Amino acid sequence: MQEQEKKKYYITTAIAYASAKPHIGNTYEVVLADAVARYKRYQGYDVFFQTGTDEHGIKIENAAKNQCIEPQRYVDEVAGTIRRIWDLMNTSYDKFIRTTDEYHVEQVQKIFKKFYDQGDIYKSEYEGMYCTPCETFLTASQLKDGKCPDCGREVSPAKEEAYFFRMSKYADRLMRHIEEHPEFIQPVSRKNEMVNNFLKPGLQDLCVSRTSFKWGVPVSFDSRHVVYVWVDALSNYITGLGYNADGESGELYKKFWPADLHLIGKDILRFHTIYWPIFLMALGEPLPKQIFGHPWLNREGEKMSKSKGNVIYADDLVRLFGVDAVRYFVLHEMPFDNDGSITWGMVTERVNGELANVLGNLVNRTVAMSNKYFDGILQNTGVTEPVDAEIAEAVKTLKAKVDQSMEDLRVADALTEIFTLFRRLNKYIDETAPWVLARAEETKPRLATVLYNLADAILAGASLLHSFMPETAEKIAAQFHGKLRGYEECDLLGGIPNGTKVTDQPEILFARIDYEKQILPEEEKIKQAQMAEVAKPQEDKLPDISIDDFAKIDMRVGTVVACEAVKKSKLLHETIRIGAGKTISVLSGIAKYYTPEEMVGKKVIVVVNLPPRTMKGMLSEGMVVCAGDGDKVVIVSPEKDVPDGTKLS
RNA sequence: CGCGGGGUGGAGAAGUCGGUAUCUCGUCGGGCUCAUAAUCCGAAGAUCGCAGGUUCGAGUCCUGCCCCCGCAACCA
């Protein structure tokens, strides 16, 4: 970079929805952004890193109602939790914006008005399914079994007055922008998805206001409406910098907008690559330079969910492994465009195999030898061997490699490169065999240089590591009583002054962890606690019925005599014997939980007096009684053997 | 034929413009003893989902098929 003025770099994460405590998958995004932000600062950029919380919407309104508190109090609490976790992860954000902040609300109102005045927003009617008790509109995709996902009750079609944004007006311009800026949507594989699925078929106008709930930014010229999520949430990227829709924007805005990078989850890529640019076009503001939709961190292929007791939270991880171990894990373990995976066992393996064995042990043995052979004094005597050049070369090329990886946002690769240096240094120790050099007086000068080189190269590596694991890098520097190096000199050796004394009390950077003893019991505890929390009593008890109502249900014991999976569905097709020579055909949505083989021979309970129904072209004449909900389903069987056809009462 | 993503040694991944298949973990054998039962070296192990095709040559390009994962539908 030239000596001129520092280049600016504005990076944001998506703002976190303040309805619940974020799990490690959500936390990953901020850590990733933090690593990028820190590295850019290290390279000399003037960085502004913004994150925050999205605090409006019906979900929050309802959650607050359930706790009998004001929505504002509710979001204050959750936003506090979120910010505490971001801080716990040692993220270096410059600004934490909340969509309930006054300046934000004011600007959102102005932006909305401006769109309306320009004719980009018009009033119409929103049609959809409506759940009356919850007072919520639901899209087809939100419905669960055709019913309300929250209360499970019937929904009915309804209309609501709403404002819409005329997306079509800007679609061509956006399409052109995307084609002309191949780097705009990252990873590129997602670009086609957006273009083919949303732009090419023609953009639908977007509903941007609601009257069905109150907890949102009021529309200034129509008090029955509140601004619906996207205009509100996306605007944070400019309001946080002091954007002013009808006047002079603040200095920060002038300096930092447009954003260099919006780092978001792949699920909301559509909103950031289509709606957000169009809003900006409508405002006459420049578009962000790049939007990166990162993959998800899953739990061994499954989604995290409390009812499975497999949600992993950042604070639990930090308690058991330490901040930098968690940062290392999420940054290193995430592939570039596939979803990543996390388990307690995997984190343990990484901590032991890489942080303790490769890095921690390297620092430890280097410090220990310096103390043992030279009372901790580092001295470059100039006695070199050809192998030293290889180390110098490794240090020199490391910077370029990390630069390139970070440029491509391949943060995991950058970390791998740094650890490749540490592995190389472990090898260097074996190649030079300091303990052999220590045996004779005449090889002592060589020994001194070897230890000096080691310390020197470790410091260089630690300097580059700082963006990813700040605490660890500083701890390493402290052990050598040295300083982390600036970007300009981190690829050069010889930076340690001769005579520097290393610590005589080496600290273990990462202790090895015994999974069975230290982690497993904790993991179990956490799991139990989550499942207990989810097991809700009373609450969703159905209305009372009479004994007569119950008597109307004809349930029989049956035996599955044949069973096959129905192709391309979640269905199993069972043939069930419900009496001598009498069988019925039943379809059940349990293919995810049982294989056809294990179903055959099972005793089940069948409801036999339901009207037959056709699914996937096959007839179902009854229903197998199961226990459970969407996440876990088990078949109910009689506790002792009874003949098929036995009635339940 | 719903949309999208993916199938590479036991596990997880890399593989840019087609040219000897790479890394980490694990396994086995060996070395070393400074170090956190750490470290270093070596070996075994992949017909790169299957079948065709283009090519002097394909994990990499084309066609068809199979399987897995999200989302949608179905889930009496």
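Values in this document were obtained by computation on a predicted structure and should not be read as measured data. Residue numbering restarts at 1 for every chain, and letters A, B, ... go by the order of the sequence lines.
Considering only side-chain N and O atoms, A/K427 lies nowhere under 4.0 angstrom from the phosphate OP1 or OP2 of B/U39. Using a 4.0 Å cut-off, no side-chain N or O of A/R365 falls inside it from OP1 or OP2 of B/U39. One finds a side-chain N or O of A/N357 lying less than 4.0 angstrom from the OP1 or OP2 phosphate oxygen of B/U39.
Among the atoms of the strands shown, base atoms are found under 4.0 Å from some heavy atom of A/P611. Here A/L509 lies in heavy-atom contact (under 4.0 Å) with a base. Among the heavy atoms of the strands lying under 4.0 Å from A/N364 is at least one base atom, whether or not backbone atoms are also near. At the heavy-atom level, A/L587 lies under 4.0 Å from the strands shown only through sugar-phosphate atoms.
Between A/R512 atom CZ and B/A35 atom C1' there is a gap of 13 Å when expressed in whole angstrom units. The distance between atom CD1 of A/I513 and atom P of B/U36, rounded to the nearest whole Å, is 17 Å. Here the P atom of nucleotide B/U36 and the CD1 atom of A/I476 are 17 Å apart, to the nearest Å. Atom CD in A/E407 sits about 16 Å away from atom C1' in B/U16, given to the nearest Å. Rounded to whole Å, the distance from NZ on A/K372 to C1' on B/A35 is 10 Å. Counting to the nearest Å, the P atom of B/A37 and the OH atom of A/Y515 are 22 Å from each other. In this structure, the NZ atom of A/K401 is 19 Å from the P atom of B/A14, given to the nearest Å. Atom pair A/L359:CG and B/U36:P shows a separation of 15 Å (rounding to whole Å applied).
Using P as the reference atom, B/C68 and B/G18 are 32 Å apart when rounded to the nearest Å. Straight-line distance between the P atoms of B/A38 and B/A43: roughly 23 Å, to the nearest whole Å. Comparing B/G12 with B/U39, their C1' atoms sit 23 Å apart, to the nearest whole Å. Nucleotides B/G7 and B/U36 have their P atoms positioned 42 Å apart, rounded to a whole Å. Rounded to the nearest Å, the gap between the C1' atom of B/A46 and that of B/A13 is 14 Å. B/G29 and B/C65: their C1' atoms are spaced 44 Å apart (whole Å). Distance noted for atom C1' between B/G30 and B/C17: 42 Å (whole Å). Look at the C1' atom in both B/C25 and B/C34: the space between them is 25 Å, to the nearest Å.
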Start with the C-alpha distance between A/E522 and A/R319, add both sets of side-chain angles, then the distance that settles side-chain contact (heavy atoms from CB on, under 4.5 Å), and finish with yes or no.
CA-CA 10 Å; A/E522 289 293 322; A/R319 177 165 53 84; 3.0 Å; yes

Can you list the steps and then say if A/D644 with A/K603 is a salt bridge (Lys or Arg N to Asp or Glu O under 4.0 Å)?
CA-CA 8 Å; A/D644 291 336; A/K603 284 275 180 192; 2.9 Å; yes

List the steps and the verdict of side-chain contact (heavy atoms from CB on, under 4.5 Å) for A/T381 and A/Y452.
CA-CA 9 Å; A/T381 61; A/Y452 177 92; over 6 Å; no

Please report the C-alpha distance between A/V363 and A/F480 in whole Å, then the side-chain angles of each, then the deciding distance to 0.1 Å, and finally whether the side-chain contact (heavy atoms from CB on, under 4.5 Å) criterion is met.
CA-CA 9 Å; A/V363 172; A/F480 292 104; 4.2 Å; yes

Apply side-chain contact (heavy atoms from CB on, under 4.5 Å) to A/R327 and A/E471, showing your working.
CA-CA 11 Å; A/R327 286 178 63 106; A/E471 266 182 19; over 6 Å; no

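Taking OG1 from A/T416 and CG from A/L421, the interatomic distance works out to 13.0 Å, rounded to the nearest 0.5 Å.
A/Y328 and A/F419 have their aromatic ring centers within a separation under 6.0 angstrom. Two rings, from A/W230 and A/F271, have their centers less than 6.0 Å apart.
Searching all strands for a Watson-Crick or G-U wobble partner of B/A43 with both distances below 3.5 Å returns B/U27. In this structure, B/C50 and B/G64 make a Watson-Crick or G-U wobble pair, each of the two defining distances being under 3.5 angstrom. Pair check for B/A13 finds B/U22; Watson-Crick or G-U wobble, both atom distances under 3.5 Å.
Nearest-nucleotide mapping onto RNA chain B: of A/N426 and A/F510, the residue sitting toward the 5' end is A/F510. Both A/A511 and A/V624 sit near RNA chain B, but only A/A511 has its closest nucleotide nearer the 5' end.
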Just the atom pairs and distances: protein N or O near nucleotides 23-32 of chain B's N or O, under 3.5 Å.
from, atom 1, to, atom 2, distance (Å)
B/U24, O2', A/E354, OE2, 3.4
B/G31, N2, A/D430, OD2, 3.0
B/C32, O2', A/W435, NE1, 3.3

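Here A/K552 pairs with A/D549 in a salt bridge; the nearest charged N to carboxylate O distance falls below 4.0 Å.
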